[in-house]
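Written below as structure tokens is the structure these notes are about.
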Amino acid sequence: MAEFQMDDLMFRPGLMKGQRVLITGGGTGLGKVMAEACLMLGAEVYIWGRRGNVIEDAAKELMDAHGGKVVGRACDIRVPEAIHEAMDEIWADGGALTGLVNNAAGNFISRTEDLSARGFDAISNIVFRGSFFVTLDAGKRWLAEGKRASVVSILTTWVWNGGPFTVPSAMSKAGLNVMTQSLAVEWGNRGIRFNAIAPGPFPTEGMSARLNPGGQNRMPEAADPLVPLNRNGEMRELANLAVYLLDPGSAYVNGQTIAIDGGAHLQGGGGFARLAGWGDKEWEEARNAIRATNEKDRAQRTV
Ligand code: HXC
Ligand code: NAP
């Protein structure tokens, strides 16, 4: 189901006409919401993910709802060669991108002492290395062609106050935060802007299955006492911020990471500090529930 009506967005119709935006992980959750907003505002949108059926269904669903152009493609951002090939296709399809959203991610809650090297890699290879590889591949093209572009990375507020029980994610997102600041300076004078969004709780299927398996950590559905505004984020609120940062209307904003969390990170300790009370039983249950989700998703992967 499409998420938005035009009235949900704070921008005039046609704002993004002529823009071409790639959103990694754009077939589900927040990525799909941002894809929908860009499409509705007139942009051509490219979405990547590992599950070919999910990404193709999302592209079709969005075009059925709003018309326009969404190209869905199976691409695993852990593989630089796959990124290069998929990026070649985008450039051949209509020229340079004007925007990139580094949104794809992997995550799960775990006691850090329970992590293996492969467990750490499963997350950091997507978030830390994969997002950099995508940025680098697009960046080289923009620099060579003298094109302007806006890069928006989706982080978490853990980049400021840490992410207990989600350490590989917090470390990887913190790396992207520094990438944002570094490249804002290194490439800013050649027209490529870098900003980031640090969302608070925006319940999505992918997030809930890995961070709230079986509803065990009692992440509230509606009113969250850990959020000063006492609620979760609304998808249109996130979409409005992403469009603002992608559009030349924000051309003087560069190197910033903007929290959209109702003030939560200012109020509470980092991330999942509240899980400190869990024992072996709760961790075992959580791990089994996350494994079942991962197995189901893996069976659908086409790359
Ligand atoms: C400990 C675990 C584990 C768990 C997996 N592993 N789950 N370790 N606790 N719960 C370990 C495995 O044992 C294995 O190591 C290694 O990780 C790889 O596991 P696979 O299942 O083979 O991984 P893979 O199929 O590559 O899947 C990657 C994934 C998966 C990251 C594990 O979750 C995924 O594909 N996620 C994509 C979608 C996603 O995560 N979305 C949530 C984003 S939400 P060993 O050594 O045993 O072989 C988000 C929100 C943040 O980021 C902010 C919220 C406020
Ligand atoms: P999600 O629906 O699980 O989104 C993750 C997406 O990334 C999926 O579409 C997944 O598709 C894709 N992906 C994962 N690994 C990939 C790879 N190697 N190559 C290509 N695509 C890959 O979860 P979400 O909640 O929308 O999260 C989106 C972003 O927001 C993430 O960066 C997350 O950290 C961030 N965030 C979310 C929240 C929240 O409350 N929801 C809060 C803070 C930050 P495949 O599995 O098909 O590849």
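In what follows, residues are counted from 1 in the order of the sequence shown. No experiment lies behind these values; they were computed from the predicted model shown. All ligand and atom numbering here is 1-based and tracks the order in the structure.
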Could you tell me if any non-hydrogen atom of R111 lies under 4.0 Å from any atom of ligand 1? no
Going by the order shown, which atoms of ligand 1 are within less than 4.0 Å of some heavy atom of M207? 44 (S), 50 (C)
Could you check, using the six-membered ring where one of them is a Trp, whether F165 and W158 have ring centers closer than 6.0 angstrom? no
Look at ligand 1 and say whether E295 reaches it with a heavy atom at a distance under 4.0 Å. no
Compute the shortest N/O to N/O distance between N294 and ligand 1 and return yes if it is under 3.5 Å, no if not. yes
Would you please determine whether R78 falls within less than 4.0 Å of ligand 1 on a heavy-atom basis? yes
Ordered by chain then number, the protein residues lying under 4.0 Å from ligand 2 by heavy atom are G25, T28, G29, L30, G49, R50, R51, C75, D76, I77, R78, N103, A104, A105, I126, I154, L155, T156, K173, P199, G200, P201, F202, T204, G206, M207
Using non-hydrogen atoms of the residue, decide whether A105 is closer than 4.0 angstrom to ligand 1. yes
According to the side chain to side chain donor-acceptor pair (under 3.5 Å) rule, which pairs have a member within residues 138-148, sequence neighbours left out? H84-R141, D88-R141, W91-E145, D137-R141
Only residue of L22, I154, I197 satisfying side-chain contact (heavy atoms from CB on, under 4.5 Å) with N103 is I154
For the residue pair F194 and W187, does the interplanar ring angle fall in the parallel (under 30°), tilted (30 to 60°) or perpendicular (over 60°) class? tilted
Which of the numbered atoms in ligand 1 are below 4.0 angstrom from a heavy atom of R301? 24 (P), 25 (O), 27 (O), 35 (O)
Judged by heavy atoms only, the candidate from R287, E205, R291, R50 nearest atom 1 (C) of ligand 1 is R287
As an exercise, identify every atom of ligand 1 less than 4.0 angstrom from a heavy atom of T156. 51 (C), 53 (C)
If you compare A264, P199, G106 by their heavy atoms, the one closest to atom 31 (C) of ligand 1 turns out to be G106
Checking heavy atoms under 4.0 Å, the part of I290 that sits near ligand 1 is side chain
Below 4.0 Å from any atom of ligand 1, is there a heavy atom belonging to L211? yes
Side chain or backbone of R210 under 4.0 Å from ligand 1, or both, or neither, by non-hydrogen atoms? side chain
Minimum heavy-atom separation for V227 to R231, with atom names? CG1-O, 3.5 Å
Please determine whether any non-hydrogen atom of W158 lies less than 4.0 Å from an atom of ligand 1. yes
Could you say whether the N/O atoms of D114 and ligand 1 ever approach to under 3.5 Å? no
Should you measure from each heavy atom of A122, which atoms of ligand 1 turn up under 4.0 Å away? 18 (C), 31 (C)
